[in-house]
Number of protein chains: 2
Amino acid sequence: MGEFELIRRHFAELAPDGDGIVLGIGDDAAILDVPPDRQLVVTADTLVAGRHFPERTAAADVGWKSLAVNLSDLAAMGADACWVTLALSLPTLDDAWVAGFSEGFAELARLSGVALVGGDITCGPLTISVTAMGLVPRARALRRSGAKSGDWVVVTGTLGDAAAALARFGQARSVPIGTEAELRRRLERPVPRLDEGRGLLDLASAAIDISDGLLADLGHICTASGTGADLEAARLPASPALSVLVPDPMARLRYQATGGDDYELCLCIPDERLVLAMHVCALTPIGRISQTPGVRLHALDGTLHSFENNGFDHFA
Amino acid sequence: MGEFELIRRHFAELAPDGDGIVLGIGDDAAILDVPPDRQLVVTADTLVAGRHFPERTAAADVGWKSLAVNLSDLAAMGADACWVTLALSLPTLDDAWVAGFSEGFAELARLSGVALVGGDITCGPLTISVTAMGLVPRARALRRSGAKSGDWVVVTGTLGDAAAALARFGQARSVPIGTEAELRRRLERPVPRLDEGRGLLDLASAAIDISDGLLADLGHICTASGTGADLEAARLPASPALSVLVPDPMARLRYQATGGDDYELCLCIPDERLVLAMHVCALTPIGRISQTPGVRLHALDGTLHSFENNGFDHFA
């Protein structure tokens, strides 16, 4: 079985005649329609086995996650997810593995309304590169650069789950399956916050997705906006699973503040729009944008927390 | 030096404020303008060291070629090349190698008017995945599926050079440097036929780029169009370098008919438009589309040539 047969067998259902697809997979390139009132939003991210996910991660989870991390970038722009290309590098033509991968990839693609429009499978160490394309109403995309002093800093969902799950992965299971599974699902099946991003299009002044860790990613917003930020550690949202599995408050805070892979959104919202924004979707205010450069995490006693590493370096 | 610094240092000049770029590299995603009278054309191709190019290929040539193979797909659709994303996986953070790679990549990007709008560098075996985006006048893109019985089959440039160069690569240099270098350049620095593709937009009935070999790629046109083709071996164009370096006519024919990596275009042109098409750009007619399925390569004596393999299988 060659490359073409493998693609035909496992990825055909991923490439339907969807919205805006004039010509899908099967020619030299796909042809796509971009409505005149929209702009194209494009992002690309790669996952490498053993680096961005544990080697023994289930194929379906790898498929889901390789798409999720890219759709999360579209969510951070407030874009609708539309089309993706996939470059899959595999050590061997393992039919069962590809079937699992495409199942997880397809599951999230269906949920997000995304169609596969191109790509290839090559032989090599397990690496997945996805380029995701979305559409956003003209001139209304969210950016990193719009934060203003006084804006609220808010996040979707809860923080630190994925990093805690990654740290526990492979350890003896001394906790209930249910809670452990809940935490692990956050690592393996992150849900890109597409609805939230879209819903906050005209409300947020800046946005980013939390892939490298809250402090690092909020730092990118502050750098791009020429601002700083003051956060209150006690306000960082924790899931019940994280509270149970990581009872030590300082260990938990470290996961929440510096753990990557949550794929929640961190947004800045002007004061007068906060109430409206919190009606659009569930958000937790965690601090304020400030004129003083740097991101500071305040403890209840007025001291500042500091951590050795603020985020994830892909070559660390 | 981390990933961000490496990208900033070597790829910044590749990401200018170009045509249609509302927001380039540096946010979660790029924002791009697609004019209302255009459609978006998207393709993705991956190169793996040791498989798609010899391990010791110069970094600049790898950079050039990883872009060229993708732009060649856009050329086959008759599209203007506009934007690319790049996923570069590197065994080590080799600054000199990345500098060379980006130089070759940038050289072709400049020549083709292409801007880098996203991507990442990860640690892993040397693999390069590019997604290329282009624009084509609405409803006028070239496809594989439009060939009609009686159409001429034509090719741009010459055939077999890249395959011959690949076969000789690493052998003792028993021929003049000049001719050898000429042939090798065709392997390492293929020039995507963007002008030709665009120029033939309303003249060709079908098109494909020759990446897997003439017979295999023309076979894709015939399958998509529900036709066959009859080619005359004596008409296949050979470069002077190929004629000198591969004097045996049968060996030469095998390179021309089945060798991949030429990145010339193979197009079908209705009889009444052939003369006009040949005024637009240099083309060699090599045969005709037929109602009888299959691609046949006729010898001067009326017999048919046949080859063990008609093309390149990426898992062979």
Side-chain angles (χ1 to χ4, degrees), chain A residues 1-3 22-23 26-34 36 38-48 51-52 72-74 76-77 79 83 85-87 89 93 117-125 127 129 131-134 136 139 141-145 207-209 224 313-316, chain B residues 1-3 22-23 26-34 36 38-48 51-52 72-74 76-77 79 83 85-87 89 93 117-125 127 129 131-134 136 139 141-145 207-209 224 313-316:
Chain A
M1 184 171 60
E3 180 198 359
V22 181
L23 182 67
D27 210 299
D28 290 283
I31 307 175
L32 307 168
D33 263 335
V34 174
R38 301 278 162 142
Q39 286 172 318
L40 181 68
V41 178
V42 178
T43 185
D45 258 316
T46 299
L47 299 188
V48 179
R51 186 158 285 271
H52 301 98
S72 180
D73 281 320
L74 296 185
M77 308 294 289
W83 313 297
T85 64
L86 166 67
S89 171
L93 266 187
V117 298
D120 53 8
I121 301 181
T122 53
C123 198
T127 309
S129 291
T131 293
M133 287 157 276
V136 72
L142 301 174
R143 303 178 179 208
R144 297 180 179 177
S145 55
I208 194 169
D209 70 320
D313 185 326
H314 296 278
F315 277 99
Chain B
M1 183 172 59
E3 181 201 357
V22 180
L23 183 66
D27 211 299
D28 290 284
I31 306 175
L32 307 168
D33 264 336
V34 174
R38 300 278 163 142
Q39 287 172 319
L40 181 67
V41 178
V42 178
T43 185
D45 259 316
T46 299
L47 299 188
V48 178
R51 184 158 287 271
H52 300 98
S72 179
D73 281 321
L74 297 185
M77 308 294 289
W83 313 297
T85 65
L86 166 67
S89 171
L93 266 186
V117 298
D120 52 8
I121 302 181
T122 53
C123 198
T127 308
S129 291
T131 292
M133 287 157 277
V136 71
L142 301 175
R143 304 178 178 209
R144 296 180 179 178
S145 54
I208 196 169
D209 71 320
D313 184 327
H314 295 281
F315 277 98

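The sequence lines fix the lettering, A, B, ..., with proteins before strands; numbering per chain opens at 1. What you see below is based on every heavy atom in this structure, not just the backbone, and it leaves out hydrogens, waters and symmetry mates. Just so it is clear, the structure is predicted and the values come from calculations on it, not from any experiment.
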request  = Determine the option with the most heavy-atom pairs under 4.5 angstrom with chain A, choosing from B:Pro125, B:Ser89, B:Ala29.
outcome  = B:Ala29
ask   = Do the side-chain N and O atoms of B:Thr131 and A:Thr85 include a donor-acceptor pair separated by under 3.5 angstrom?
value = yes
request  = Return the option, out of A:Pro36, A:Gly26, A:Ala132, A:Gly134, with the maximum number of heavy-atom pairs under 4.5 Å with chain B.
outcome  = A:Gly26
request  = Side chain from CB out, backbone as N, CA, C, O: work out which of these in A:Ala207 comes under 4.5 Å of a heavy atom of chain B, or both, or neither.
outcome  = backbone
query = With distance as the sole test, does B:Asp27 use its side chain to make a donor-acceptor pair with the main-chain N or O of A:Arg143 at under 3.5 Å?
reply = no
query = Any sub-3.5 Å donor-acceptor pair from B:Asp28's side-chain atoms to A:Met77's backbone N or O?
reply = no
query = With respect to chain B, which residue among A:Thr127, A:Leu86, A:Val34 yields the maximal number of heavy-atom pairs within a distance under 4.5 Å?
reply = A:Val34
query = What residue in A:Thr43, A:Ile208, A:Leu40 has the most heavy-atom pairs under 4.5 Å with chain B?
reply = A:Leu40
message = Heavy-atom pairs under 4.5 Å with chain A - which of B:Ser129, B:Ala30, B:Ala87 has more of them than the others?
response = B:Ala30
query = Who are the side chain to side chain contact (heavy atoms under 4.5 Å, CB included) partners of A:Ala141, not counting sequence neighbours?
reply = A:Val136, B:Ile31
query = Got a sec, which residues hit side-chain hydrogen bond (donor to acceptor under 3.5 Å, both in side chains) with A:Asp209, two or more places apart in sequence or on another chain?
reply = A:Ser72
inquiry  = Given heavy-atom pairs under 4.5 angstrom as the criterion, report whether the side chain, backbone, both or neither of A:Val41 touches chain B.
reply    = both
remark   = Bottom line for A:Ala224: the part with an atom under 4.5 Å from chain B's heavy atoms is neither
ask   = Can you tell which of A:Leu142, A:Leu47, A:Val48 has the highest number of heavy-atom pairs within less than 4.5 Å of chain B?
value = A:Val48
key: Partner chain B: residue of A:Leu74, A:Val42, A:Asp33, A:Leu23 with the largest heavy-atom pair count (under 4.5 Å)   = A:Val42
